[in-house]
Amino acid sequence: MKSLFDSIRYLKGIGPKRARIFQAAGISTVEDLLYFFPRRYLDWRNILSISQLKENTLATIKARILSIKFRQSWRYRGPSILELEVADESGKMGMVWFNQSYLKNYFKAGQEVIFCGKTRRYGLFLQMVAPEFEIILKNEELLESAGRITPVYPQIEGVSQRYLRRLIQRVLKEYLPYVKDVLPFDIRQRQNLLNLAKSLREIHFPENLDLQKEAYRRLCFEEFFLFIIPVALRKLRLRQRLIRRQVPEGKLLEKFIAGLPFSLTSAQKKVIAEIKEDMTKPFSMQRLLQGDVGSGKTVVAICAAILSIESGFQVAVLVPTEILARQHYEKISREFLTSQQLQKEIKMGLLTSGTKEKTKIIQEISEGKINLVIGTHALLEEVVQFKNLGLVVIDEQHKFGVAQRSLLPQKGNNPDSLIMTATPIPRTLAITLYGDLDISVIDELPPARKPVITRWVREKERFEVYKFIREKVREGRQVYIVYPIIKESCVLDLRAAEQMYKELKREVFGDLRLGLVHGQMRQELQDKTMKEFKEGKIDILVSTTVLEVGIDVSNATVMVIEHAERFGLSQLHQLRGRIGRGSQESHCILISEPQTEEAKARIKIMSETSDGFRIAEEDLRIRGPGEFFGDRQHGLSELKIANPLTQMQLLRIARNEAIKLIRLDPQLLMRQNQGIKETLKKKFPGYEELQVVG
Ligand code: ADP
Ligand code: MG
């Protein structure tokens with residue numbers, strides 16, 4: 001009996017050599033081959049003669065190449081132009097490509113080629129700009145494909161399009177009867193989805209373009225659906241863990257909020273209400289808090305902490321850097337816990353690798369004498385044990401890996417988790433990737449913030465920038481100057497923090513007070529410098545990206561970022577978030593000579609918008625989900641054709657169906673769900689651990 005798991009080695013016409021080539025391209029079974037989808041199509045159904053063509057219509061012609069012209073525009077960085085003159089029996093026309101110089105080696109005069117594109121008038125003749133094309137090597141091929149929409153596959157070195165088309169066509173014929181549809185019938189019916197066999201046929205050799213679209217939709221749906229099921233299972237499992245909890249009363253929280261030096265924004269209030277609601281439920285909270293830089297997530301986290309403490313629990317706040325831990329600690333004790341009652345009830349502790357009385361602090365944590373501990377990775381060490389951990393807060397979650405994030409909750413008995421991120425992503429995408437979490441969004445900045453004015457300047461304007469810095473310092477403001485690296489190196493020709501600190505001190509700002517921080521400095525020195533900066537004893541802080549997370553000094557209103565093209569979008573946004581925190585106008589100056597179009601685009605987006613959602617979206621678009629999330633969100637690479645960014649509607653539908661199915665059959669025991677179970681086992685090894693028991 002035939003099976004889709006048959007190795008392609010046994011297919012007719014594939015010898016060991018071809019099998020190896022396919023294997024290197026990730027194709028070893030019949031199934032792999034069926035899921036090797038065309039990159040695009042050529043519409044060969046209706047081949048017109050040149051004399052039949054009209055202006056501004058999409059058309060396909062077959063013509064012979066008469067001449068090939070290639071020229072580089074004389075303008076600096078102007079486009080390169082490739083022009084073909086082609087003809088059939090009925091007439092002549094032109095084909096043109098801009099900036100695709102590699103194409104010039106594809107064509108030879110005399111070749112017969114199928115062109116497919118939109119026509120436009122150019123002088124006396126018609127022209128197609130950047131048409132799709134296929135060079136006809138043998139006439140029989142034309143006969144085979146004439147009258148069809150013909151697939152064009154991703155290039156595999158050493159395998160021709162013609163060979164691939166024939167192979168796949170044959171395999172479809174032989175194997176489609178053995179294709180089993182994993183999607184249950186009722187879902188297909190409800191969502192109007194083609195069955196799998198039909199979809200595979202139509203994606204390779206579409207009868208018409210509408211059916212091709214339908215096939216594509218169905219296959220994307222399936223990818224999303226299978227991707228979401230494990231996430232939905234995880235959520236359900238977390239849900240089923242019952243914990244005993246005391247519902248917080250909220251008196252202490254009221255007192256806390258009343259004592260704050262500002263009133264909460266309505267977005268903050270809304271999120272606090274959501275958290276409070278979570279804490280009345282019989283299972284632990286698993287909440288992701290998204291909010292742009294400066295939207296005030298910290299105070300919301302502390303509100304959650306107070307609710308938990310009021311119910312008799314301990315709270316741990318995990319942050320990625322020592323500077324940030326200390327800053328949170330000081331801010332909370334100095335500005336937030338103002339009344340005596342609060343100070344009595346909330347016993348704070350700071351635990352970082354640089355903490356002096358570490359043993360004592362760890363002791364007090366285990367005895368429950370400290371009930372709010374702020375710390376870095378040091379919190380994750382095994383020696384740190386809690387008496388009664390009820391809430392875990394993870395700040396700047398993107399700085400931690402999945403494994404690290406799960407260590408802290410294990411120190412308690414199913415504690416609540418609040419996970420915070422300042423790299424917000426579109427909600428639908430967030431729901432998918434963090435589908436096991438509930439999501440809150442702070443979509444409003446505290447009032448009286450002036451937007452940061454961002455400017456991109458060139459190297460030659462450096463001295464203007466220095467002058468501007470001097471002016472601002474004279475007005476009493478403070479300044480950050482950020483460099484991409486700490487030390488100069490012979491590999492990278494970049495300005496570096498250490499050298500520039502010396503140079504600026506010596507030659508430019510000799511009369512001002514300069515400080516330097518970077519991640520390789522001793523901890524005490526970093527802390528000391530940050531403290532002085534916060535107290536206004538330093539005018540200009542030269543640094544690296546250690547500043548990126550969390551630092552909060554509202555009198556600092558100017559940030560200069562050197563070699564801005566070296567930083568990712570989200571990183572630039574985080575850095576810029578360090579200014580614009582008070583009521584003064586703030587300025588971010590990007591000094592940059594971007595070398596690539598992409599770098600230029602990044603710098604441009606930064607000067608156009610300060611909306612963190614938009615920036616994250618652009619960043620996602622530029623880098624793609626895989627890069628954007630790093631290797632930390634595994635499973636994303638399973639999405640081969642579906643794109644969560646552009647198919648949000650389909651994603652939403654697939655998600656709803658997945659959740660519905662899991663609710664009905666959490667262990668995938670029903671007969672119609674066996675296919676799903678089998679596929680998940682293959683795609684996500686270990687997914688079964690996620691299954692809900694009992
Ligand atoms: P992020 O969300 O980036 O972590 P923070 O929690 O550091 O932001 O808050 C940024 C600054 O805004 C802090 O100085 C904080 O005390 C202040 N802040 C927070 N909420 C408000 C508010 N409702 N009104 C005014 N200032 C606020
Ligand atoms: Mg923060």
Side-chain angles (χ1 to χ4, degrees), residues 253 256-273 275 287-306 317-338 372 374-376 393-400 418-425 439-452 478 480 530 533-536 545-557 559 570-584 586 588 610-613 615-616:
L253 180 62
F256 173 77
I257 291 175
L260 285 175
F262 46 74
S263 43
L264 295 170
T265 64
S266 46
Q268 285 171 320
K269 285 184 196 152
K270 179 190 72 192
V271 174
I272 293 165
I275 292 170
R287 191 165 280 281
L288 177 76
L289 174 53
Q290 295 201 60
D292 209 344
V293 219
S295 61
K297 293 184 291 295
T298 317
V299 70
V300 169
I302 301 310
C303 288
I306 287 173
V317 181
L318 178 67
V319 303
T321 66
E322 308 234 3
I323 295 180
L324 190 53
R326 183 167 301 279
Q327 178 189 286
H328 276 346
Y329 181 83
E330 275 165 13
K331 177 146 192 142
I332 294 164
S333 39
R334 231 182 270 147
E335 291 177 32
F336 292 172
L337 301 180
T338 40
L372 176 57
I374 318 269
T376 55
V393 177
I394 298 177
D395 196 10
E396 311 283 352
Q397 65 96 23
H398 62 285
K399 292 278 164 187
F400 298 96
L418 183 67
I419 296 168
M420 307 204 286
T421 172
T423 315
I425 56 173
I439 296 173
S440 291
V441 182
I442 304 184
D443 49 7
E444 176 185 8
L445 293 181
R449 294 260 171 89
K450 290 231 179 82
V452 177
Q478 289 164 283
Y480 298 108
M530 281 316 297
F533 187 68
K534 208 171 277 187
E535 288 167 354
T545 54
V546 281
L547 285 186
E548 187 187 339
V549 289
I551 301 306
D552 186 25
V553 179
S554 62
N555 189 47
T557 61
M559 172 172 282
S570 296
Q571 204 174 21
L572 286 172
H573 182 62
Q574 296 288 325
L575 280 169
R576 184 171 59 181
R578 303 303 122 224
I579 55 172
R581 299 192 148 236
S583 53
Q584 298 283 337
S586 291
C588 177
S610 57
D611 176 351
F613 275 87
I615 287 173

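Along the sequence shown, the residues carry numbers beginning at 1. Atoms within each ligand, like the ligands themselves, are counted from 1 in listed order.
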Visitor: Can you tell me if R287 has over 12 outside heavy atoms packed within less than 6.0 Å of its CZ?
Guide: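 Yes, enclosed.
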Visitor: Would you check whether V300 reaches within less than 4.0 Å of ligand 1, judged by its heavy atoms?
Guide: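 Checking ligand 1 against V300, which is what was asked, there is no heavy-atom contact under 4.0 Å.
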Visitor: To the nearest 0.5 Å, what is the distance between CD1 (I439) and OG1 (T421)?
Guide: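 It comes to 10.5 Å.
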Visitor: Please could you name the atoms of ligand 1 that T265 approaches to less than 4.0 Å, counting only its heavy atoms?
Guide: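 By the 4.0 Å cutoff, the relevant atoms are 23 (N).
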Visitor: Decide yes or no for M420 and V300: does some side-chain heavy atom of the first lie under 4.5 Å from some side-chain heavy atom of the second?
Guide: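 Side chain of M420 against side chain of V300, heavy atoms only: no contact under 4.5 Å found.
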Visitor: Under 3.5 Å, side chain of Q397 to main-chain N/O of I419, donor-acceptor pair present?
Guide: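 A pair under 3.5 Å: no.
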Visitor: Any nitrogen or oxygen of P446 lying under 3.5 Å from a nitrogen or oxygen in ligand 1? Just yes or no.
Guide: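 The answer is no, given that P446 and ligand 1 share no N or O pair closer than 3.5 Å.
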Visitor: Below a 4.0 angstrom heavy-atom separation, can you tell me which part of Q268, side chain or backbone, both or neither, approaches ligand 1?
Guide: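 Near ligand 1, Q268 shows its side chain, while the N, CA, C and O stay back.
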Visitor: Does K331 come within less than 4.0 Å of ligand 1, judged by its heavy atoms?
Guide: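 So K331 counts as touching ligand 1.
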Visitor: Is it the case that ligand 1 has an N or O less than 3.5 angstrom from some N or O of G296?
Guide: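 N/O-N/O distance below 3.5 Å exists for this pair.
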Visitor: Would you say S263 contacts ligand 1, with heavy atoms under 4.0 Å as the rule?
Guide: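 Yes, S263 has heavy atoms under 4.0 Å from ligand 1.
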Visitor: Do any N or O atoms from the side chain of E396 and from the backbone of P320 form a donor-acceptor pair under 3.5 angstrom?
Guide: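 Between the backbone of P320 and the side chain of E396 there is no qualifying donor-acceptor contact (under 3.5 Å).
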Visitor: Side chain, backbone, both or neither: which part of L264 comes within less than 4.0 Å of ligand 1 when only heavy atoms are counted?
Guide: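 The answer is the backbone.
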Visitor: Does S295 have a non-hydrogen atom less than 4.0 Å from ligand 1?
Guide: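 In this structure, S295 qualifies as a contact of ligand 1 - some heavy atom is under 4.0 Å.
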Visitor: Hey, is D395 touching ligand 1 through its side chain, its backbone, both or neither, going by heavy atoms under 4.0 Å?
Guide: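 Answer for D395: neither.
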Visitor: Counting from 1, what ligand 1 atoms have a heavy atom of D552 closer than 4.0 Å?
Guide: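 Those qualifying, in numeric order: 11 (C), 13 (C), 14 (O).
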Visitor: Is there a heavy atom in G291 that sits closer than 4.0 Å to ligand 1?
Guide: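 For ligand 1, residue contact (heavy atoms, under 4.0 Å) with G291 is absent.
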Visitor: Give the atoms of ligand 1, by number and element, whose distance to some non-hydrogen atom of V293 is under 4.0 Å.
Guide: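 Taking each heavy atom of V293 in turn, ligand 1 has 3 (O) under 4.0 Å.
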Visitor: Given K297, E396, R581, which has its nearest heavy atom closest to atom 7 (O) of ligand 1?
Guide: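 Considering heavy atoms of K297, E396, R581, the nearest to atom 7 (O) of ligand 1 sits in R581.
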Visitor: Can you name the residues that form a salt bridge (charged side-chain N to carboxylate O under 4.0 Å, His left out) with K331, not counting sequence neighbours?
Guide: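 In terms of salt bridge (charged side-chain N to carboxylate O under 4.0 Å, His left out), with neighbours along the sequence ignored, K331 is linked to E335, D552.
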Visitor: I'd like to check the side-chain contact (heavy atoms from CB on, under 4.5 Å) partners of Q584; sequence neighbours left out, ordered by chain and number.
Guide: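 Q584 satisfies side-chain contact (heavy atoms from CB on, under 4.5 Å) with R477, T557 once adjacent residues are dropped.
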Visitor: At a 4.0 Å threshold, what atoms of ligand 1 neighbour a non-hydrogen atom of T298?
Guide: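 Listed by number with element: 4 (O), 5 (P), 6 (O), 7 (O).
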Visitor: With side-chain contact (heavy atoms from CB on, under 4.5 Å) as the test, would you mind laying out the steps for I275 and L289 before giving the verdict?
Guide: CA-CA 10 Å; I275 292 170; L289 174 53; 5.5 Å; no
Visitor: Looking at CD1 of I332 and CD of Q327, how far apart are the two atoms once the value is rounded to the nearest 0.5 Å?
Guide: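 Between I332 CD1 and Q327 CD, I get 10.0 Å after rounding to 0.5 Å.
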Visitor: Go through the steps for F613 and V441 under the test side-chain contact (heavy atoms from CB on, under 4.5 Å), then give the verdict.
Guide: CA-CA 11 Å; F613 275 87; V441 182; 3.7 Å; yes
